[in-house]
Amino acid sequence: MRKAGNVARWLPVALVAVLWLLHGEARAAESCLTCHRDVKTDYEQSAHAKEFGCTACHGGDPDVVSLEAHSPEKRYVGKPARRAIPLLCATCHSDPGYMKPFGLQTDQYNQYEASRHGQQLAKGDTKVAVCTDCHATHRIVGRDNPTSTVAPRNVPETCARCHSDKALMDQYGLPADQLEKFRKSVHGIALFEEDHPSAPTCARCHGSHGATAPGVGEIGQVCGHCHSRTREHLNEGPHRKAVAEGKLAECASCHGTHEIATPGSRLYQTTCEPCHARDSTAFVTGQKLETLLSRSRESLETAAGELARVERSSPSALRYRSRLRQAQAYFLEALPIQHSLAVEKVEDLTRSARSISEEIRAGLHGVDEESRLRYLVLPLTWFFVLLAIAIAHLHKQERRKERSTNNGEGGSA
Amino acid sequence: MESNDRSGGHLLLVMRTLIRERLEGTIPADWILLRHLHALTLSVLSLQIATGILLMVNYRPSVTSAFPSLVAIVDEAYFGWLIRSIHGWGTHFLVLLVFLNLVVSYFGRAYQGPRVVDWTASLLTLFCMLGFGLTGMLLPWSQHAYWSSDLAMSSVSRIPVLGTVVFGLIFPEAEIGDETLLRSYVFHVGILPWITVLLLGLRFWITRRSDRPEIGPRVFFSDYASNTLIASLLLFGVIVSVAVLAPPVLSGPAESVSPPPVVMLPWYVLPLCGLGTMWSAGGAAVLAFLGALLLFAVPVLDRAPAEPEKKPIVRWFLGVLFLALCLLAGLKGYLQ
């Protein structure tokens, strides 16, 4: 009982101490910002502003509001050297105890060391990206904030700050047109134009902290993270052997890397020929697949267009919506299977999609005919309406005549 | 047996005489346009009740069966597509008629004396019609129905006091579901029709009471009844034509996780949405609420003697200004 009383007595003291410490931290930031006003807004918007003062990274004494605060005795670091930045960030970001409350991972430094950026930095090349190049220096905000430099939509531009710099990239023998190509690609369109929440950015394929270019044998693995069924079917097909022999860069050989266009039958026209002669069996197989898929796609598009048209005028066309979805499902199933080059399987699926599409079109034709019959309601309605109006009008006239006759009789009487 | 026949024949004769007497009687010639509008409103309301009852035969108010039952109405029921389409279009005509009624009443000063009850009842009828539109909007449980109800209900909930009460009554859950659908249905078929019929009855009664038989010119009731019948028949023809030529599109079943790219609200809610774009949503709701209060207060504000009116120009200016503002806000809402 007495013990509890003691604890209760010390509680206010502990509270005051905690408040004093927090106040001190806030004061620390404020005293630096008295002179360094240019970074005030950036710092105040950063995720660190809630927890850290400037001294956490720059050292110095926040209690002294003069240049003495910058003395080496006060452990003043100033602007950290580029080479020291990853390790400086890692002092907190590699500490699981510290990062756990924020739900952040702690392997960034290890990943960075293994990345191409980290490897170059270890060799003394300070032109490569360090933490602050991607996350900003003072305005460090999480990727959930849409204005963050590492928010998914902003990642391509953040990478391009260096990777579109031709002079810099020439030093490493790297191209500098990736962003330009990515913008036009199916992934870029999904990210920038359609605002698709799961559209891939540079980091999805190259990694973020462990950024590196995937090698020839790894491309399928990288693409397969999202396109898993396609990868499975590619591995079932004859191209697997060519990949194993290093003759084929998996997905990239046909689809490209940054410029990946919306896949279509066009690919069969342009990508088979460099490896297969036009009269070879392999080339003919490709052409067969192309014909099956494009005919099925055309048939589906026509059915979908007609359904949209008929639905507007006739709600009963709605019953074909689910059939159309079924046909689309067959077609979508055939898309990854084409990578196995199994013509029979693709033929089965595309035939099903096509026959359902034809069935929908025939059904819609019937609905169209039926809806034309509906227009017969119009002349019938108007016939009866006008007939009733004529009767009402005649009745009115008759009653008027009757009244005038009665009035005449009344008048003469 | 013979006496039964006789009494039956007698009853028919009495009825015939009564109808004849009524038809041969006269009614005052003033407010004849308003009388016609009353009658037309009643005709369209009857059409709505008739088609509504037919729809009730097949409709099932639950999340799982509402949409399939509507598809069955449109697809399988005999002339179901036409009945549903007439019912859908009827709402628009009904709101328009009640609105026209108010416009004619305002510009003709038909809100003075005993007609103050008629004016108030007309306004309440307009709100009932909006209620019909609002509760009926959700019933198809289609994508369009779900998302436009969601939008409309969130606008209504912002109206102070009244909005919260309506919101709480029809919208008992955080997310639109079975309960909301059932309540909308109950309001649509079980509560609002009775209130509307009562209000229209009250208006007819007041109109009859306010007739002054000894003063002013009069017209024969049979002429009035024939003209009203002709107008109702013409309107019926127009409603059926619109219903055949432009049946409401039944977008797919409601999906609460994927909103359609465009949500279109009926025209009579557009002025409120337009206000929402010009001011903040809350401000617009308060403004609409104040506008409605002002309409109710019109008979109190204009208590000048009926004739001669001192400043008719002010009343006309205010009326036209109000209509222009409604139109402008509606246009803004449409463009939005």
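Predicted model, so just to flag it, every value in this text is computed and none were measured.
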Please check if any side-chain donor atom of [X] sits under 3.5 Å from a side-chain acceptor atom of [Y], or the reverse.
X: A:Arg204; Y: A:His225; value: no
X: A:Thr350; Y: A:Ser296; value: no
X: A:Arg323; Y: A:Gln326; value: yes
X: B:Thr228; Y: B:His36; value: yes

Parallel, tilted or perpendicular: ring planes of B:His188 versus B:Phe132, cut at 30 and 60 degrees:
perpendicular
Evaluate the ring planes of A:Phe192 and A:Phe182, with Trp represented by its six-membered ring, and classify them as parallel (under 30°), tilted (30 to 60°) or perpendicular (over 60°).
perpendicular
Please determine whether a side-chain nitrogen of the Lys or Arg among [X] and [Y] lies less than 4.0 Å from a carboxylate oxygen of the Asp or Glu.
X: A:Arg351; Y: A:Asp348; result: yes
X: A:Arg399; Y: B:Asp223; result: no
X: A:Arg295; Y: A:Glu298; result: no

Toward chain B, the part of A:Arg321 with a non-hydrogen atom under 4.5 Å:
neither
Contacts with chain A made by residues 57-72 of chain B (heavy-atom distance under 4.5 Å), listed by residue number
B:Phe67, B:Val71
Taking 4.5 Å as the heavy-atom cut-off, does anything in residues 356-364 of chain A contact chain B, and if so which residues?
none
Check each of A:Glu259, A:Glu157, A:Glu193 against A:Arg183 using the salt bridge (Lys or Arg N to Asp or Glu O under 4.0 Å) test, and report the only one that passes.
A:Glu157
Chain A contact via B:Ile230 - which portion, at a heavy-atom distance below 4.5 Å
both
